[in-house]
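Take a look at the following structure, please.
Along the sequence shown, residues are numbered consecutively beginning with 1. Quick caveat, the model's predicted, so the values are computed rather than measured.
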Amino acid sequence: MTDAFLPALAGIVDDAGLVTDRARMASYLTDWRGVFTGDALAVVRPRTTDEVARVVQACAHHGVAIVPQGGNTGLAAGATPLGLERAIVLALERMRAIRTLDREGFTIGVDAGCVLADVQRAAEEAGRLFPLALAAEGSAQIGGLIATNAGGTAVLRYGSMRALVLGLEAVLPDGRVVDGLRALRKDNAGYDWKQLFVGSEGTLGVITAAVLRLFPRNRATATALVALDDLDAALALFGMLQDALGETLAACELFSERCLELQLAHAPQRERPLPRHPWYLLIEAGSSLPGLRDALEAALAEALEREIAAEAVLAESSAQRDALWLWRESITESERREGASAKHDVSVALSSIPAFVREATSAVEASFAGARVLAFGHVGDGNVHFNVLLPPDGSASSEEINALVHGIVRRFRGSITAEHGIGRYRRDELSSHRSESELSLMRAIKTAVDPDGRMNPGALF
Ligand SMILES: Cc1cc2nc3c(=O)[nH]c(=O)nc-3n(C[C@H](O)[C@H](O)[C@H](O)COP(=O)(O)OP(=O)(O)OC[C@H]3O[C@@H](n4cnc5c(N)ncnc54)[C@H](O)[C@@H]3O)c2cc1C
């Protein structure tokens, strides 16, 4: 069967579209963290929706599973073909055209393989803003961002990917193309099926294109880094800033002193931005109207006076803004360089963040000697990346730490994945965090759309 399968693929895509050389396949078979490595019959790199549809039909005919892959920056091993006997990796990287840009209508139509940074740039060149922003934006693709309902640093103001998708084109597991590439803001004609694909992690079909919302560009941006003595202050400051800055508040990113120290350890040439404090909040506001910087400065002055903030620095130039953002954006990279870690992408009710982080930190430190907590995240969204560097002596496993932390998340009625998804990394835990009725509804959707279970088996379910 495999003998006939690869020639069938070769009849659909060009030479560069079919990779079977093991060395060239390697980077597609390992996840971004380098923790999970799988195997596949081939990596297939189609150039058009029609090619995707024909590849998917060939897979259906030959009983081969499909693992869609975008930029391979996902943190849940959803794009890694683990433990699959007959599977291909379907990489969308050659489908990167900007199909349409409607400046007056504030929309952009793109192929699924478009890299996020390219979409941001195209919008900017047209005097518009595509607001989704995250540290992997130089590699993550629109299809992957939709399939994981990515969040990032601007969710507070613009919502996650779900709020940014107006239209979608997808290839179903039997090879049919569903064209929902509409640019409508209001549309109540039946089920909003495109939303099923948002956050589906490649388990329902292959996303091939999307129409996305654009926004007016911010003419003014004000960015500050604030040092805090405790987590309650972070919550208090967030409330103050919302009152003072309203909807112009676009980002409120938290990280601990240990996150900062780790970056200094891996990039000693960088200079500490503020004197040492337990916590830092990176704040950004954006607006088309003047007076923003003054408003942020006044709010921070009040926070310092009321001793909510311990120290603060305001960016005076775009270079300074970028430098401040780097302290938030390079945490994940320095964590990877430091070694193995147990990742937790949790969300709890906003007002529970201080209690959750305190309780989980004490529990981890009491139970696992040598484990180091790296807590950071999108505080305005109640989303904490509560990552734990494993003890260097190997005395604790990632699974043991996950079990402890996720048990605490359950007690707080939180979520074990706020933005990275379930994938294969958290699959076995899903059933403990969703009710039987929710799980059976999810399974019914999966079975209705993908009855043969060929789309990304092993991810999510
Ligand atoms: C440094 C760093 C920072 C990050 N920061 C954030 C953050 O702030 N917020 C956040 O939400 N995430 C973050 N992530 C996670 C990651 O960037 C996102 O999950 C992103 O959406 C993945 O996009 P991708 O194109 O790399 O997808 P991949 O990793 O290739 O795939 C992810 C999942 O989507 C599926 N998929 C991919 N393409 C398609 C398609 N065309 N059709 C159907 N299914 C598809 C895959 O099968 C897989 O299940 C970060 C990752 C890194 C490495």
Side-chain angles (χ1 to χ4, degrees), residues 1-74 76-97 111-115 139-144 147-148 169-177 200-209 423-424 450 452-460:
M1 193 69 100
T2 303
D3 288 347
F5 176 59
L6 292 179
L9 293 181
I12 301 168
V13 293
D14 64 0
D15 286 351
L18 183 60
V19 183
T20 49
D21 174 72
R22 308 315 291 176
R24 283 185 57 215
M25 283 170 69
S27 64
Y28 299 87
L29 301 179
T30 297
D31 76 318
W32 185 84
R33 294 165 66 197
V35 173
F36 301 98
T37 298
D39 201 5
L41 301 175
V43 174
V44 188
R45 303 165 67 236
R47 287 169 303 178
T48 62
T49 299
D50 180 57
E51 284 186 5
V52 173
R54 288 162 63 207
V55 168
V56 171
Q57 276 162 13
C59 289
H61 183 70
H62 291 271
V64 174
I66 298 166
V67 178
Q69 191 175 96
N72 200 15
T73 67
T80 312
L82 277 183
L84 301 174
E85 260 178 44
R86 292 161 50 71
I88 59 159
V89 170
L90 186 61
L92 280 290
E93 63 196 356
R94 294 170 85 200
M95 292 177 59
R96 49 198 310 165
D111 277 354
C114 271
V115 169
S139 309
Q141 298 173 9
I142 294 304
T148 56
E169 178 189 83
V171 174
L172 296 179
D174 60 7
R176 274 177 301 157
V177 179
S200 61
E201 302 190 55
T203 62
L204 297 180
V206 184
I207 297 160
T208 47
R424 295 179 171 82
D450 182 23
D452 300 325
R454 251 192 325 273
M455 286 308 310
N456 214 1
L460 193 51

Under 4.0 Å between a side-chain nitrogen and a carboxylate oxygen: does that hold for Arg22 and Asp39?
yes
Minimal heavy-atom distance between Pro81 and Leu29, with the atoms involved, is CG-CD2, 3.7 Å
Does Asp21, at its CG atom, have more than 12 non-hydrogen atoms belonging to other residues, nucleotides or ligands within less than 6.0 Å?
yes
Taking only residues two or more places apart in sequence or in another chain, which ones pass salt bridge (Lys or Arg N to Asp or Glu O under 4.0 Å) with Asp174?
Arg176
Scanning both residues in full, the closest heavy-atom pair of Val43 with Ala91 reads CG1-CB, 4.2 Å
Any side-chain heavy-atom pair from Gln141 and Thr73 closer than 4.5 angstrom?
no
Check: Thr80 and Tyr28 side chains under 4.5 Å, non-hydrogen atoms:
no
Here the pair of heavy atoms bringing Ala65 nearest to Pro457 is CB-CG, 3.6 Å
To the nearest 0.5 Å, what is the distance between CG (Asn72) and OG (Ser27)?
7.5 Å
As an exercise, state the distance from CG of Leu90 to SG of Cys59, rounded to the nearest 0.5 Å.
7.5 Å
Expected output: side-chain Asn456 to main-chain Ala459 donor-acceptor under 3.5 Å:
no
Would you say the side-chain atoms of Arg86 pair up with the backbone N or O of His62, donor to acceptor, closer than 3.5 Å?
yes
dist Ile66:CD1 -> Leu84:CG (nearest 0.5 Å) comes out at 11.5 Å
If you measure from the Lys or Arg side-chain nitrogens to the Asp or Glu carboxylate oxygens, is any gap between Asp452 and Arg454 under 4.0 Å?
yes
What are the two closest non-hydrogen atoms of Ile207 and Gly143, and how far apart are they?
CD1-O, 3.9 Å
Would you kindly say whether Glu169 and Thr49 are connected by a side-chain donor-acceptor distance under 3.5 Å?
yes
Is any side-chain heavy atom of Val206 less than 4.5 Å from a side-chain heavy atom of Met455?
yes
Atom pair SG/CD1 of Cys114 and Ile142 - distance to nearest 0.5 Å:
6.5 Å
Should Arg45 and Asp14 count as an ion pair when the cut-off is N to O under 4.0 Å?
no
Would you indicate whether the side-chain heavy atoms of Leu41 and Val64 approach each other to under 4.5 Å?
yes
Measure from the side-chain N and O atoms of Gln69 to the backbone N and O of Val89, and report whether any donor-acceptor pair falls under 3.5 Å.
no
Of the non-hydrogen atoms in Pro173 and Val56, which two are nearest, and what is the gap between them?
O-CG1, 3.4 Å
Please name the residue in the list Val13, Val44, Leu9 that meets the side-chain contact (heavy atoms from CB on, under 4.5 Å) test with Glu51.
Val13
Nearest-0.5 Å distance that lies between atom CZ in Arg96 and atom CG in Asp111:
10.0 Å
Any heavy-atom pair between the side chains of Ser139 and Val115 that's under 4.5 Å?
no
Can you tell me how far the CG atom of Leu82 sits from the CZ atom of Phe36, to the nearest 0.5 Å?
7.0 Å
Is a side-chain donor or acceptor of Arg424 paired with a backbone partner of Gly78 at a separation under 3.5 angstrom?
yes
